[in-house]
Amino acid sequence: MSFEESTAAVQISKVAKSYGPTVALDSVSIDLRPGEVHALLGENGAGKSTLVKILSGVVKADGGSMSISGRHYAPHDIIDARSQGVATAFQELSLLPNLSVAENLMLPKMPAGVLGLASRRNTTAAARAILEEYDLAQFDPDTPVGVLSLSDRQRLEIARAFTHASKLLILDEPTAALADVEWLFRLVRRQKTRDTAILYISHRLGEVRSLCSRATILRNGKSIGTVALSGASDENIFEMMVGRSARQPVASHPSRDDHAAKALEVSGLSSGILRDVSFDVKRGEIVGIAALEGQGQRDLFRALIGLSRTKSGKVSVDGVQARISGPGPALKIGQGIAYLPEDRKSEGILAGLSTASNVVLPIMSRIARCGIVWPTRERSTARATAETVDLQQRYLNFKIDELSGGNQQKALLARVIMTGARTLLLFDPTRGVDVGTKQSIYEAIRTFAAEGGSVLFYSSELPELVHLAQRCIVLYGGRIFAEYAEDAIDEQTLVSALIGHAHGNKGGVAA
Amino acid sequence: MSAASDSLAVRPPRRRQSPLLRAIVSGTGIVALIYIILYALYAFWQPSALSVFTFTDLVNNSTPLALAAAGETFVVISRGFDLSVAGVVSLTNVVMAVYPLQGAGGALASLLICCVIGGVVGAVNGILVARLGLQTIAATLGTMIVCQGLALVILDAPGGMVADFVTYKLTDTLFGVVPVAGLFLLLVVILWLAFRRTDTGIGLYAIGADEQSARFSGVAASRVRIVAFIAAGMLYGVAGFMLSAQTATGNPTAGTPFLMLTFAAVALGGTSLSGGRGSLIGSILGAGTLMLLQKVLFSGGVSSFYTGIFQGFVLVLAIVFGNAVGWLLKKEERQ
């Protein structure tokens, strides 16, 4: 231990932070060696983002201490942190869309020209040098950042952090929008040789394993421990993250009843890029949709719930054929059909309202007495459903935007179940949530199906489809490309079908 | 799962359009075009419009609103609204009328006093907003009411007399052709162009687009915001000074009509009321357009009661047009 302390580049000891009564960080201690790429792992809400903010100088810690190369470190703002060699590539990106690439790279101080005013030429030149250094020479420094794609913006954010980090670089979910991770890996490996410590935060364990040597696990605001990644199995790590064994053996799918009534029947549906799609979902069945980005899955879900116009085709819910004109009317067709949207921030949560209000929203009128929704009744109604999705009751009184992403998602799932609809359309229900929350969400979905409900879900993660779906439909180019049932659903089969290869199509029916 | 997005990532980012095209389709370009069309109409109905006298008159009429709109632009770009413009214009106007300082030196001293009054009000606004976290409308509503109250204390009814030098020299022309008031505007434009190239100027656009990202990028957001309010306040002070030169008298409610027209001028000039986008030059042209419109309608024989209706129409049309052009460009870019 004493050996490690003497060589630590960055030392974080017993750092704590509370927001009023909410404890965000209880006690976190991490030692980073010079040149080390150190992973920070934890569920959503474990305190990772708070730690990042403290290290970057955005918020001040309430307790504990930090040091860099033996010197006390307590940045009072971002600039102060930068001047001490600490910089962060933020998960939510901190670029200004109305400024150019060059201006964004140079903020807050532009290279001066004549009269001490910012010189466009010097700014552009300085930016070009940075872009070249980080293998981004294809960027034009004069482009406004607003026209760049999300992945290009993420690269820019990362490159900017690299330029300011001489002691500690914090990469917060740096690959969330990056399709091509090799670029980042190259930079990270190069930085290793410069003795800059890197704190690497990612949900993707595969990435972490290929870049990092050690990992510190956070749970409930505490650092649970630091492990050498070579000596820890995924199961060990998951267990440390969630405090219990997360990977239960894959539950055998509940037996499927081929003769069950059809809950959802789609025939010849065309909408947007979706062409002539026909399938059905039976009562008690969980059907997965697999597709690469932009193969028509979005059009399918939006057409089914009436948010996009249908060009042709018929949709029946519980045997009732209907023209669905929107999520509200959809609840009243047959036994109802409800939708969990893709983007929880813009289409899902009502920030500013309590979690309980968010959950009971669809049945407001039903629980109202004399037209007024009494808070106690609201909470008691919400409590019952919160249990089914494993959402802790204390969260019901919080404003929903104070919850972590995973808990928000649980609340939204509770809301969808609350509608009483017997058919659920879930679009990427576990996007951006951690391992523990995923398990709770899977459990809730399975329970719902076991009780006779039907579920159609899309997922961007293959293991999830394999794990959850009883039947899996592959969309490719707006059409149904293949369909697999039960044991025929495995990752390799799906991967080849996703890119339009019918090979390895064992047991499946190519449509 | 990323085969589809990979191909997107590899594609090099698009070059931006030429600066000339951008200037034409920017809000400033559109309002400049409207101004030229209106002026042609004005000259058609009233040939004397092309004389130095009429032009000077127009510039004199437009300058107070143009200066006020120029000031407001700073706050609007930083994503805020500054209502104190009405208060500062009233206050400086009554100070000019009640405490006239004679001669060129007196005029200069008066100008400085006006700037200081505006600057102090702006600093108070800035501190209330940036340090104490008040909403901009709430904070500036407060300072506006206080300033209007102060104006009434200094002068409780229209009256007083502005110094002769200010009244005559500042509404006159230089060498018989250049309106003096226009020189004030020119100076403001030059200072603005320099300001845009300072770190604070770039920071202003940054905090207007996204204050948190700006902070995370290292911009001293509070300081930039306070500077914006002070600059705005000083320009309102100069607006009050030029208004006094024109009216030659004091009126404790002189600033009230400025409140709405200032925002109209800013919006007409293509500055986004949601922050981060726009230009002070556009606002000056916007103010000029609103005043020119009055003259055009008058010379066209339209009753002055209709002025407001037309101003509103032009404002909405200009913004709709600006949005349509922006939308078309984006669509083209996507293809």
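As a basis for the values below, the full set of heavy atoms in this structure was taken, side chains included, without hydrogen atoms, waters or symmetry mates. Lettering of chains follows the sequences in order, A, B, ..., and the numbering in each one begins at 1.
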* Output the option from B/G203, B/G208, B/A209, B/G201 having the highest count of non-hydrogen pairs under 4.5 Å with chain A. =>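 Most heavy-atom pairs under 4.5 Å with chain A: B/A209.
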* Neighbour count above 12 (heavy atom, 6.0 Å) for A/R153 CZ ->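 For A/R153, atom CZ is crowded (more than 12 foreign heavy atoms under 6.0 Å).
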* Report, as yes or no, whether the 6.0 Å neighbourhood of atom CZ on B/R277 holds more than 12 heavy atoms from other residues, nucleotides or ligands. =>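 Result for CZ/B/R277: open.
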* **Test side-chain contact (heavy atoms from CB on, under 4.5 Å) applied to B/I202 and A/T123, A/L107, A/N104, the passing residue** =>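 Among A/T123, A/L107, A/N104, the one that satisfies the side-chain contact (heavy atoms from CB on, under 4.5 Å) with B/I202 is A/L107.
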* Pick whichever of A/I79, A/D80, A/V101 has the most heavy-atom pairs under 4.5 Å with chain B. =>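 Maximum pair count with chain B is reached by A/I79.
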Work out which heavy atom in [X] is nearest to a heavy atom in [Y]; give both atom names and the distance.
{"X": "B/D199", "Y": "A/K109", "value": "OD2-CG, 3.1 Å"}
{"X": "A/S94", "Y": "B/S217", "value": "O-OG, 2.7 Å"}
{"X": "B/Y205", "Y": "A/N98", "value": "O-ND2, 3.0 Å"}

* Region of A/L95 that comes under 4.5 Å of a non-hydrogen atom in chain B ->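 Looking at A/L95, just its backbone touches chain B.
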* **Residue B/R196 versus chain A: region with a heavy atom under 4.5 Å** => neither
* Asked: Are A/L96 and B/S213 close enough that some pair of their side-chain heavy atoms sits under 4.5 Å apart?
  -> yes
